[in-house]
Number of protein chains: 2
Amino acid sequence: MFDFYFEKFNEKAPVATTDKALISKHLSLKSLKKKDILLQEGAVCKHTFFVQKGMLRAYTIDENGNEHIVQFAPEGWHIADLYSFFTEEPATLFIDAVEDSEIILIAKEDHEILLSQSHCYETFTRELITAAYVALQQRFNSSMSSSPDMCYSDFMNRYPNIANRVPQHMIASYLGLTPETLSRVRRRIAKAK
Amino acid sequence: MFDFYFEKFNEKAPVATTDKALISKHLSLKSLKKKDILLQEGAVCKHTFFVQKGMLRAYTIDENGNEHIVQFAPEGWHIADLYSFFTEEPATLFIDAVEDSEIILIAKEDHEILLSQSHCYETFTRELITAAYVALQQRFNSSMSSSPDMCYSDFMNRYPNIANRVPQHMIASYLGLTPETLSRVRRRIAKAK
DNA sequence: CCAAATCATTGATCGAAATCAAGAAATACA
DNA sequence: TGTATTTCTTGATTTCGATCAATGATTTGG
């Protein structure tokens with residue numbers, strides 16, 4: 001049932017059988033169709049999501065109605081509006097399914113129980129958020145100090161598994177470019193080879 | 001000696017007297033003059049830094065020699081190149097003192113001992129990195145989806161304590177603008193009022 | 001206290017990405 | 001299978017921030 005989850009868990013923090021049993025009690029499953037929405041801006045984010053299968057994305061919509069994709073989450077990844085999750089303030093992000101997906105939900109109450117009752121769960125959480133912070137830092141640096149061409153190449157190399165599954169205009173949105181600009185970036189890169 | 005540190009610590013995770021004694025053994029102090037460098041790109045980041053007094057900054061230098069400030073750390077904040085700290089790969093960041101400063105250093109070995117020996121230290125670390133992640137996320141969103149004018153106003157409102165202590169060209173660098181552009185942003189905003 | 005360095009502003013020009021517009025290609029689905 | 005929708009590309013134009021250049025203001029430290 002949660003084998004894949006615990007496999008990923010175990011990569012960051014060793015998990016004993018008794019912990020597995022405890023943690024399993026606090027997880028729930030959900031199936032999603034492509035485009036199903038898990039979180040709307042303005043709602044409080046009451047769960048974190050772990051993707052077992054498929055892909056989710058988090059994005060904002062700015063005052064001009066433009067989407068800005070903040071994160072993709074293919075299988076094995078976690079996603080949430082952590083700001084809203086921790087503060088219980090309204091979310092600034094939307095989260096929806098890019099593909100038909102199967103996910104695990106962890107409610108905030110359950111998350112807190114697990115933090116207090118399972119030491120390895122706390123360690124896992126710490127490792128997870130640390131890795132997420134470092135990845136975000138690097139992405140931010142790259143987007144601040146590289147050309148669009150470099151950002152695109154970096155993204156394709158770093159996340160081929162995402163790049164090959166989502167439409168180009170979503171990659172453009174993730175990189176902070178318009179689809180037209182990304183198309184021209186691709187042409188430039190193809191020509192340069 | 002470490003009163004201020006434990007005060008901040010306690011805001012995120014309650015700390016008992018015995019833990020304080022243990023943790024104190026693993027902290028060391030350092031005084032810095034303005035412009036003193038704590039970390040160079042290419043070196044391994046072997047410590048995290050807590051600012052007791054003064055202000056530090058972390059920044060990258062891109063291939064054109066332009067600085068991009070990643071973070072300011074006034075008193076009460078932590079700073080490090082966490083990517084390098086955790087992986088022991090060469091740092092991509094520089095860290096130096098924006099003002100004369102007094103800091104606490106925590107070496108990686110000490111950090112790991114504390115994680116394993118003090119539960120509240122682990123909780124504190126988790127809370128700290130979570131807050132940092134959320135702050136970075138919000139900064140990233142704001143810089144991707146707002147006008148320079150909005151980014152600047154947000155920054156001034158959110159961090160007046162930083163904004164009033166650093167030269168404008170550093171704020172420009174933090175926001176990803178040239179000093180000239182920031183100067184014009186300020187004029188626009190002043191006129192609009 | 002003064003000279004030197006740093007910092008901020010302003011103007012003119014340039015360039016890269018956004019926007020606007022249209023059409024072609026691919027995909028979905030009924 | 002065929003139609004509708006989504007996606008991608010290409011061209012023309014505009015816009016906004018970067019760059020280049022110069023000057024003025026402020027800070028620093030010898």
Side-chain angles (χ1 to χ4, degrees), chain A residues 32-36 54-55 57 59 61-69 72 96-101 142-153 155-156 162-192, chain B residues 32-36 54-55 57 59 61-69 72 96-101 142-153 155-156 162-192:
Chain A
L32 300 170
K33 290 273 172 209
K34 186 170 170 172
K35 295 194 183 175
D36 280 357
M55 184 158 8
R57 86 225 244 241
Y59 58 99
I61 298 184
D62 69 22
E63 66 272 17
N64 306 317
N66 298 318
E67 284 181 15
H68 301 270
I69 296 180
F72 291 105
D96 69 13
V98 176
E99 303 173 351
D100 293 353
S101 303
S142 146
S143 96
M144 292 288 279
S145 55
S146 302
S147 66
D149 297 39
M150 279 303 280
C151 289
Y152 176 71
S153 302
F155 177 74
M156 297 303 284
I162 297 173
N164 299 318
R165 284 160 64 183
V166 305
Q168 220 166 275
H169 67 87
M170 285 194 190
I171 299 177
S173 165
Y174 180 86
L175 297 175
L177 305 172
T178 59
E180 294 94 328
T181 297
L182 182 57
S183 177
R184 288 183 249 261
V185 163
R186 282 161 53 82
R187 188 169 44 166
R188 270 203 298 271
I189 289 174
K191 198 170 289 178
Chain B
L32 300 170
K33 289 273 173 210
K34 185 171 171 172
K35 296 194 182 175
D36 281 356
M55 182 156 13
R57 84 222 245 241
Y59 58 99
I61 298 183
D62 69 23
E63 66 272 18
N64 306 318
N66 298 318
E67 284 180 15
H68 300 271
I69 295 179
F72 293 105
D96 69 12
V98 176
E99 303 174 351
D100 293 353
S101 303
S142 147
S143 96
M144 292 289 278
S145 55
S146 303
S147 65
D149 296 39
M150 279 302 279
C151 289
Y152 176 70
S153 302
F155 177 74
M156 296 303 284
I162 296 174
N164 299 319
R165 283 160 66 184
V166 305
Q168 220 167 276
H169 67 88
M170 286 195 188
I171 298 176
S173 165
Y174 180 86
L175 297 174
L177 306 172
T178 59
E180 294 94 328
T181 297
L182 182 58
S183 176
R184 289 184 249 260
V185 164
R186 282 160 52 81
R187 188 170 43 167
R188 270 203 297 272
I189 290 173
K191 198 171 288 178

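Lettering follows sequence order; numbering is per chain, from 1.
- Considering only side-chain atoms of A/Pro148, the nucleotide from D/dC8, C/dA17, C/dA8 that sits closest is C/dA17.
- Of the listed nucleotides (D/dC8, D/dT28, C/dT9), C/dT9 has the atom at the smallest distance from the side chain of B/Ser183.
- Atom C1' of nucleotide C/dG15 and atom CZ of A/Arg188 are separated by 12 Å, given to the nearest angstrom.
- Pairing each heavy atom of B/His68 with each of A/Met144, the nearest pair is CE1-O, 3.6 Å.
- Rounded to an integer number of Å, the gap from CE of A/Met170 to C1' of D/dC8 is 14 Å.
- Closest contact between the side chain of A/Pro167 and the listed nucleotides C/dT6, D/dT7, C/dC7 involves D/dT7.
- Within the 4.5 Å cutoff, side-chain heavy atoms of B/Met170 are placed close to those of B/Phe72.
- Nucleotide C/dC7 holds its C1' atom 16 Å from the CG atom of B/Asn164, rounded to whole Å.
- In the set C/dT6, D/dC8, C/dC7, D/dC8 carries the atom at the smallest distance from any side-chain atom of A/His169.
- Proximity of A/Arg187 to the phosphate of D/dT9: no side-chain N or O atom is located under 4.0 Å from OP1 or OP2.
- Of all nucleotides listed (C/dT9, C/dC7, D/dT7), C/dT9 comes nearest to the side chain of B/Arg186.
- Protein atom CD of A/Glu67 is 17 Å distant from nucleotide atom C1' of C/dA18, rounded to whole Å.
- Residue B/Gln168 contributes atom CD, which lies 9 Å from atom C1' of C/dT9 at whole-angstrom precision.
- Here C/dC29 presents its P atom at 10 Å from NZ of A/Lys33, a figure rounded to the nearest Å.
- Note that CZ of B/Arg188 is 8.0 Å distant from OG1 of B/Thr181, once rounded to the nearest 0.5 Å.
- The distance between atom CZ of A/Arg165 and atom P of D/dT7, rounded to the nearest whole Å, is 16 Å.
- Contact between A/Ser143 and A/Cys151 at its shortest, heavy atoms only, is CA-SG, 3.9 Å.
- Here B/Arg184 lies in heavy-atom contact (under 4.0 Å) with a base.
- A heavy-atom distance below 4.0 Å to DNA chain D is reached by these residues of residues 171-182 of chain A, ordered by number: A/Glu180.
- Atom CE of A/Met156 has more than 12 heavy atoms from other residues, nucleotides or ligands within 6.0 Å.
- Regarding A/Asn64, its CG atom lies at a distance of 8 Å from the P atom of C/dT19, rounded to whole Å.
- Looking at which nucleotide of DNA chain D each of B/Lys34 and B/Asn66 is closest to, the 5′-most match is held by B/Asn66.
- In this view, A/Asp100 and A/Lys33, A/Lys34 satisfy the side chain to side chain contact (heavy atoms under 4.5 Å, CB included) rule, not counting sequence neighbours.
- Residues B/Glu67 and B/Arg57 meet the side-chain proximity criterion, which asks for heavy atoms closer than 4.5 Å.
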